[in-house]
Colleague: 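There's a structure below that I have some questions on.
Only a predicted model underlies this, so the values are computations on that prediction, with no experimental measurement involved.
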Amino acid sequence: MAADPFVPETRVLAVASHVVYGYVGNKMASVVMQLLGCDVAALNTVHFSNHTGYRQFKGTRATAEEITALYEGLTQSHLTDFDVMLSGYAPSAAAVEAVGAIGMDLQRKAEKNPGSFFWVLDPVMGDQGRLYVNNDVVPAYKEMIHHADLILPNQFEAEVLSGVKITSLSTLAEAITAIHATYKVPHVIITSVQISNLSDSSSASSTTSFANTLTVIGSTTRSDGSPRLFRVDVPALDCYFSGTGDMFAALTVARLREAVFAADPALRTTKSWVSPDDVPATALPLARSTVKVLASMHCILEKTMEARNAELQAEVVSNGDVLSEEERKKQDHLRESKAAEVRVVRHVQFLREPTVEFPAQEWSKDDLPAQFR
């Protein structure tokens with residue numbers, strides 16, 4: 001199959017983790033972008049046998065010096081003509097700083113050509129109310145985010161970065177506004193919010209939200225720094241998948257480039273691809289790309305869940321060993337983790353030809369912080 005004809009030729013430096021088995025980190029991101037026609041150079045920050053959700057793995061973490069040396073190798077051979085950098089998990093504060101130095105160096109190389117380089121940063125720090133990195137990683141990310149064009153935090157990471165506890169739609173808007181204001185980052189997507197859990201989820205502005213719905217919230221700033229907020233609601237699937245954040249980020253790289261190239265040609269040579277102030281939230285390239293990203297993901301994850309359920313329902317043939325309760329639970333967990341590996345390659349058609357079912361919606365002024373109403 002040919003690459004997606006709508007995605008322009010794109011050279012990507014992808015800096016993230018790597019696993020031998022399954023699809024998370026760069027293993028997920030690289031294959032997704034390559035299947036859409038992007039030329040990907042993968043710089044791996046860890047080398048693990050499998051993702052950590054299995055609760056057991058083997059492998060190594062790259063040091064900051066090793067990450068820097070790999071980039072220096074690219075530089076000395078003039079192999080740094082990247083259009084986009086996608087940065088994800090880094091195993092230490094020093095590694096985060098090393099990745100940041102790479103992003104800033106690529107930005108310096110592109111200074112004379114606005115719009116020729118774009119940095120997508122996924123600040124991988126934690127989820128579900130807890131950090132899974134060392135505490136010193138947080139200030140390292142806070143320093144680096146100033147330089148990114150687009151960041152992709154989840155709800156917990158958005159709270160960490162903004163200092164705003166997200167308990168309602170209004171505090172959600174405050175968090176995004178604070179991120180724009182504090183870090184001067186022009187584009188933000190909060191990649192997963194359970195709006196039904198927020199205190200004002202029954203308000204008139206959120207009547208389309210359901211208990212089994214996940215919401216993605218995005219924003220691109222105007223020239224005065226105010227947010228242009230949009231949301232996309234998608235049905236939640238009753239299964240936990242690893243690598244979905246990496247899939248979201250990789251699809252966003254390709255689809256945002258596509259949307260920018262489909263917009264006014266002047267946008268391609270505009271710093272950070274920030275649309276003029278008169279472009280409404282739902283017409284932003286960020287919003288147009290997000291609806292395609294989520295359409296692809298929903299279809300692939302539905303197919304993955306179907307395959308997972310069939311695999312788990314298949315009879316397990318015993319080898320005759322008598323297992324303890326602890327060992328049986330461990331074996332069940334390993335089997336469930338393997339069955340839930342995302343079937344991204346098997347369903348490549350949904351990457352290239354998504355059926356868009358979930359439109360972007362512009363937030364009403366009541367959802368904005370008071371200073372921007």
Colleague: Quick one: do Val138 and Val164 end up in the same hydrophobic cluster if we chain Ile, Leu, Val, Met, Phe, Trp and Tyr together by side-chain heavy atoms under 4.5 Å apart?
Modeller: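 Shared cluster, no.
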
Colleague: Compare all side-chain heavy atoms of Val99 with those of Leu121 and state whether any distance is below 4.5 angstrom.
Modeller: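 Not in contact.
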
Colleague: Are the side chain of Tyr89 and the backbone N or O of Asn26 linked by a donor-acceptor pair below 3.5 Å?
Modeller: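 Such a contact is absent between Tyr89 side chain and Asn26 backbone.
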
Colleague: Would you say Ile176 ends up clustered with Val274 if hydrophobic residues are merged whenever their side chains have heavy atoms under 4.5 Å apart, either directly or through other cluster members?
Modeller: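 No.
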
Colleague: So Tyr71 and Thr75, side-chain contact (heavy atoms from CB on, under 4.5 Å) or not? Walk me through it.
Modeller: CA-CA 6 Å; Tyr71 180 70; Thr75 301; 3.4 Å; yes

Colleague: Between Glu327 and Gln331, is there a side-chain donor-acceptor contact under 3.5 Å, judged purely by atom types and distance?
Modeller: yes

Colleague: Just by modelled atom types, is the Thr282 backbone N or O under 3.5 Å from a matching donor or acceptor in the Arg228 side chain?
Modeller: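 No, Arg228 side chain to Thr282 backbone: no donor-acceptor pair under 3.5 Å.
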
Colleague: Taking the side chain as everything from C-beta on, heavy atoms only, tell me whether Pro280 gets closer than 4.5 Å to Glu362.
Modeller: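 They are in side-chain contact.
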
Colleague: Of the non-hydrogen atoms in Ile166 and Glu159, which two are nearest, and what is the gap between them?
Modeller: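 Answer, listing the atom of Ile166 first, then Glu159: N-OE2, 2.9 Å.
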
Colleague: Could you tell me if Asp246 and Tyr23 have a donor-acceptor pair between their side chains, going purely by distance under 3.5 Å?
Modeller: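 Absent: no donor and acceptor within the cut-off.
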
Colleague: Enter the distance from Glu111:CD to Lys271:NZ here, rounded to the nearest 0.5 Å.
Modeller: 8.5 Å

Colleague: Are Val345 and Met305 co-members of a hydrophobic cluster defined by side-chain heavy atoms under 4.5 Å apart?
Modeller: yes

Colleague: Going by heavy atoms in the side chains, are Val12 and Val253 under 4.5 Å from each other?
Modeller: yes

Colleague: Under the side-chain contact (heavy atoms from CB on, under 4.5 Å) rule, what do Ser168 and Thr171 come out as? Steps first, then yes or no, please.
Modeller: CA-CA 5 Å; Ser168 64; Thr171 53; 3.0 Å; yes

Colleague: Taking it one step at a time, do Arg11 and Asp83 satisfy salt bridge (Lys or Arg N to Asp or Glu O under 4.0 Å)?
Modeller: CA-CA 5 Å; Arg11 294 177 297 278; Asp83 303 299; 3.5 Å; yes

Colleague: Run Met125 and Tyr132 through side-chain contact (heavy atoms from CB on, under 4.5 Å) and show every step you take.
Modeller: CA-CA 6 Å; Met125 294 183 289; Tyr132 44 64; over 6 Å; no

Colleague: Taking Arg328 first and then Glu325, would you say they form a salt bridge - that is, a charged N and a carboxylate O separated by under 4.0 Å?
Modeller: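 Salt bridge flag = yes for Glu325 with Arg328.
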
Colleague: Any ion pair linking Asp332 and Lys329 (charged N to carboxylate O, less than 4.0 Å)?
Modeller: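 No.
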
Colleague: Any chance you could measure Tyr183, atom OH, to Ile145, atom CD1, to the nearest 0.5 Å?
Modeller: 6.0 Å

Colleague: Is a donor from one side chain sitting under 3.5 angstrom from an acceptor on the other, for Asp233 and Gln361?
Modeller: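 A donor-acceptor contact under 3.5 Å links the two side chains.
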
Colleague: Do Phe241 and Leu301 come within less than 4.5 Å of each other through their side chains, counting heavy atoms only?
Modeller: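 SC-SC contact between Phe241 and Leu301 confirmed.
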
Colleague: Considering all heavy atoms of both residues, which atom of Glu341 and which atom of Thr304 are nearest to each other, and what is their separation?
Modeller: O-CG2, 3.5 Å

Colleague: Check ring-ring contact (aromatic ring centres under 6.0 Å, His included) between Phe57 and all other residues, then give those that pass, not counting sequence neighbours.
Modeller: Phe48

Colleague: Would you mind checking if Arg55 and Glu336 are paired as a salt bridge, meaning a charged N to carboxylate O distance below 4.0 Å?
Modeller: no

Colleague: What closest approach, in Å, do Val96 and Met144 show between heavy atoms, and which atom pair accounts for it?
Modeller: O-SD, 3.4 Å

Colleague: Taking all atoms of both residues into account, what is the closest heavy-atom pair of Gly225 and Thr221, and its distance?
Modeller: O-CG2, 3.8 Å

Colleague: To the nearest 0.5 angstrom, please state how far the CG atom of Leu86 sits from the OG1 atom of Thr252.
Modeller: 9.0 Å

Colleague: Could you check whether Glu258 pairs with Arg255 (Lys NZ or Arg NE/NH1/NH2 to Asp/Glu carboxylate O, under 4.0 Å)?
Modeller: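 Judged by the 4.0 Å cut-off on N to carboxylate O distance, Glu258 and Arg255 do form a salt bridge.
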
Colleague: More than 12 foreign heavy atoms under 6.0 Å from NZ of Lys303: is that the case here?
Modeller: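 Counting other residues, nucleotides and ligands, NZ of Lys303 stays at 12 neighbours or fewer.
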
Colleague: Could you tell me whether a side-chain N or O of Ser226 sits under 3.5 Å from a main-chain N or O of Arg222, the two making a donor and an acceptor?
Modeller: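 Not a single qualifying donor-acceptor pair exists.
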
Colleague: Less than 6.0 Å separating the ring centroids of His187 and Phe118?
Modeller: yes

Colleague: Working to the nearest 0.5 Å, report the span between CZ of Phe82 and OG of Ser116.
Modeller: 13.5 Å

Colleague: Check for me, please, whether Val32 and Tyr21 land in the same ILVMFWY cluster - side-chain distances under 4.5 Å, paths through other members count.
Modeller: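 Different clusters.
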
Colleague: Decide side-chain contact (heavy atoms from CB on, under 4.5 Å) for Leu351 and Leu251; before the verdict, give the C-alpha distance in whole Å, the side-chain angles of both, and the deciding distance to 0.1 Å.
Modeller: CA-CA 8 Å; Leu351 291 178; Leu251 282 166; 3.7 Å; yes

Colleague: Are Arg268 and Phe261 in a cation-pi setup, meaning NZ or CZ lies under 6.0 angstrom from the ring centre and within 45 degrees of the ring axis?
Modeller: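 Yes, Arg268 sits over the ring of Phe261.
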
Colleague: Do we see a donor-acceptor contact under 3.5 Å between the side chains of Asp149 and Ser272?
Modeller: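 The answer is yes; a qualifying pair exists.
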
Colleague: Is there side-chain contact between Cys299 and His347, with at least one heavy-atom pair below 4.5 Å?
Modeller: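 A side-chain contact under 4.5 Å is absent here.
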
Colleague: Counting heavy atoms not belonging to Arg335, are there more than 12 under 6.0 Å from its CZ?
Modeller: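 Above 12, so yes.
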
Colleague: Any non-hydrogen side-chain atom of Thr60 less than 4.5 Å from a side-chain atom of Val46?
Modeller: no

Colleague: Which heavy atom in Gly115 sits nearest to a heavy atom in Trp273, and how many Å separate them?
Modeller: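 For Gly115 versus Trp273, the nearest heavy atoms are O-NE1, 3.0 Å.
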
Colleague: So Thr45 and Arg61, do their side chains get closer than 4.5 Å, heavy atoms only?
Modeller: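 With C-beta onward as the side chain, the pair stays apart.
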
Colleague: Do Val291 and Leu36 belong to the same hydrophobic cluster, where Ile, Leu, Val, Met, Phe, Trp and Tyr are linked whenever their side-chain heavy atoms lie under 4.5 Å apart, directly or via other members?
Modeller: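 Result: yes, single cluster for both.
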
Colleague: Just so I know, are the side chains of Thr191 and Glu157 near enough to count as touching, which here means a heavy-atom distance under 4.5 Å?
Modeller: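 They are not in contact (no side-chain heavy atoms under 4.5 Å apart), so the answer is no.
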
Colleague: Is a side-chain N or O of Ser296 found less than 3.5 angstrom from the main chain of Phe350, in a donor-acceptor match?
Modeller: yes

Colleague: Could you tell me whether the side chain of Thr10 and the main chain of Pro8 form a donor-acceptor pair under 3.5 Å?
Modeller: yes

Colleague: Under 3.5 Å, is there a donor-acceptor pair between the side chain of Gln107 and the main chain of His147?
Modeller: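 Side chain of Gln107 to backbone of His147: a pair is present.
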
Colleague: For the atom pair CD (Glu66) and CG (Asn44), what is the distance rounded to the nearest 0.5 Å?
Modeller: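 Rounded to the nearest 0.5 Å, the CD-CG separation comes out at 12.0 Å.
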
Colleague: Is it true that a side-chain atom of Thr182 and a backbone atom of Ile179 form a donor plus acceptor pair closer than 3.5 Å?
Modeller: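 Between the backbone of Ile179 and the side chain of Thr182 there is no qualifying donor-acceptor contact (under 3.5 Å).
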
Colleague: Short question: side chain of His333, backbone of Gly53 - any donor-acceptor pair under 3.5 Å?
Modeller: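 Yes, because the side chain of His333 sits within donor-acceptor range (under 3.5 Å) of the backbone of Gly53.
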
Colleague: Which atom names give the shortest non-hydrogen contact between Phe230 and Ser219, and what distance separates them?
Modeller: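 Reported closest heavy-atom pair: CE2-N, 3.8 Å.
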
Colleague: Donor-acceptor check, side chain of Arg231 to backbone of Leu229, threshold 3.5 angstrom: yes or no?
Modeller: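 No; judged by distance alone, with no hydrogens or angles, the pair does not exist.
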
Colleague: Under 3.5 Å, side chain of Ser30 to main-chain N/O of Lys27, donor-acceptor pair present?
Modeller: no

Colleague: Please report the interatomic distance OG1(Thr290) to CZ(Arg288), rounded to the nearest 0.5 Å.
Modeller: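 Here the rounded value is 12.0 Å.
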
